[in-house]
Protein chains: 2
Amino acid sequence: MTLSEEDYIKAIYHLGKGENTTVSTNAVAEQMETKPSSVTDMVKKLSDKGVANYKPYKGVSLTEYGKKIALSLVRKHRLWEVFLVEKLNFSWDEVHEVAEQLEHIKSEKLIDQLDKHLGFPQVDPHGDPIPSKKGEFKKTIKKLLNEVPVGTSGICVGVKDSSPPFLKFLDKNKIALGDTILVHDKEEFDGSFDIKIKESTIHISNQIATNLYLKITE
Amino acid sequence: MTLSEEDYIKAIYHLGKGENTTVSTNAVAEQMETKPSSVTDMVKKLSDKGVANYKPYKGVSLTEYGKKIALSLVRKHRLWEVFLVEKLNFSWDEVHEVAEQLEHIKSEKLIDQLDKHLGFPQVDPHGDPIPSKKGEFKKTIKKLLNEVPVGTSGICVGVKDSSPPFLKFLDKNKIALGDTILVHDKEEFDGSFDIKIKESTIHISNQIATNLYLKITE
DNA sequence: ACAAATATTTAGATTTGTCTAAATATTATT
DNA sequence: AATAATATTTAGACAAATCTAAATATTTGT
Ligand SMILES: [Mn+2]
Ligand SMILES: [Mn+2]
Ligand SMILES: [Mn+2]
Ligand SMILES: [Mn+2]
């Protein structure tokens, strides 16, 4: 597959939410930041190659073969993102653009060894699951910290309240997007929590807990 | 620069031995495994872009700007090769093809951090020098082990005698291409050597020493 | 059910990088 | 110096990926 074909395959995969759902030409065009006419040309080609099912005016979906390719691309993209954060000190929001390029490097040994080098990570820095070599992975869901049972660990992926005071609080307490958080204990009396974040355990009020989103593996 | 333009720039650089030497259309075509007519088209474009000097029928050379680009590509290529060998357990002869792809990834932060992650290596797994961010590097030369002064360290890059018995000897003594060898001591009486290779010191006869090529930094 | 709005495809053009075959320039040989 | 051999460029074609403008199909609203 060419770089461009690969990016279209990923776009169809993501728009279809990982299922073999049919997606519209315009949706793909928007995702790819291109024109609908370009999409029509490309999906015809993908269809010819056995990667996608395409019926004029009826949208496009991935074949099983196409889905395999998509999963392998997602795997590569997310492993590279882990590498950039864990080994090269990239921050949460800098990795995507570079991973978008690295995912197209062709070498099976490269990606297998990278996986090993990183200790076979299960999720990327955004908390999204990394498919195995066979394309298997666990689903993840986004929940507020106060809604998950004690003992759960997840990745901090967002805030409900994005006011400056709250963001300042997070900064002062060294809580950042992309951090892994373990919900250590819950105080029934006031709904406050003890959480473990980067080796240290801190105490947060219920109000904080109801404004932090975690991505957890089911 | 596009991927293709970058590969042409590197080809002109290497054929010109790192100087701004003029190289012929056919030489570039052979190096790039393409046709001379394609080279003519491309060098015209590189000339328009201020990367190369081109006079019809007279060959092509890099401008100072072109040389800067070439050095940055060589830097990226060689850093990735070190990464593949040091971190991902690739062997000496597997790295080039993958580095040929990785060198085109666009991210200044990526390459700076990779350099740091690898401990600012001076040479790649083939013993070739890695240009600094500013494009500076030390020249290296290839010499037989018995010709270098005691105390010199270099990378094993080849053999003079490639007969099966010799190669078997190297294998048995765990001497492989790409290994760093320190010439520890020389016995004047019989011309034999003590060499340090991967933590352990071994003794080799003069006959072995006269058949091993080292690449050393001047 | 029909018109209007929206979505999608087709036609034709452009850029990049490549190729083959033919033309032209340079270099080597006698 | 003329001819032969070699090197290089030009002309014209093609595939990939994109675009704009026009044509056509589908969906929506009354
Ligand atoms: Mn990403
Ligand atoms: Mn991509
Ligand atoms: Mn190489
Ligand atoms: Mn390359």
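Numbers restart at 1 for each chain; the letters A, B, ... are given by sequence-line order, proteins then strands.
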d([atom1], [X]; [atom2], [N]) in whole Å:
X     : N      : atom1 : atom2 : result
B/K35 : D/dT6  : NZ    : P     : 17 Å
A/D48 : D/dA16 : CG    : C1'   : 14 Å
B/L3  : D/dA16 : CG    : P     : 17 Å
B/E5  : C/dT18 : CD    : P     : 10 Å
B/E30 : D/dT8  : CD    : P     : 11 Å

Item to check | Donor-acceptor pair between A/E81 and A/H126 side chains, under 3.5 angstrom | outcome: yes

Checklist entry - Is a side-chain donor-acceptor pair under 3.5 Å present for B/D161 with B/S163? => result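 Side-chain D/A pair, B/S163 to B/D161: present.
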
Check the interface with nucleotides 9-11 of chain C: list each N/O to N/O pair with the protein under 3.5 Å, or write none.
residue: C/dT9; atom: OP1; partner: A/Y54; partner atom: OH; Å: 2.3
residue: C/dT9; atom: OP1; partner: A/Y57; partner atom: N; Å: 3.0
residue: C/dT9; atom: OP2; partner: A/T25; partner atom: OG1; Å: 2.9
residue: C/dT9; atom: OP2; partner: A/T40; partner atom: OG1; Å: 2.7
residue: C/dT9; atom: O5'; partner: A/Y54; partner atom: OH; Å: 3.4
residue: C/dT10; atom: OP2; partner: A/K44; partner atom: NZ; Å: 2.5

Next on the checklist: Does the plane of the ring in A/F166 sit parallel, tilted or perpendicular to the ring in A/F169? Use 30° and 60° as the thresholds.
Outcome noted: parallel

Item to check | Cationic N near anionic O, under 4.0 Å, B/D115 to B/R75 | outcome: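 Salt bridge between B/D115 and B/R75, a charged N being under 4.0 Å from a carboxylate O: yes.
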
Using a cut-off of strictly less than 4.0 Å, decide whether [X] has a side-chain nitrogen or oxygen near OP1 or OP2 of [N].
X     : N      : answer
B/T34 : C/dC19 : yes
A/S4  : D/dT18 : yes
B/Y8  : C/dT16 : no

Item to check | ring pair (Phe, Tyr, Trp, His ring centres under 6.0 Å) partners of B/H77, counting only residues at least two apart | outcome: B/H96

Next on the checklist: Please check this pair: side chain of B/T63 against backbone of B/V51, looking for a donor-acceptor N/O pair closer than 3.5 Å.
Outcome noted: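 Confirmed, B/T63 side chain pairs with B/V51 backbone.
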
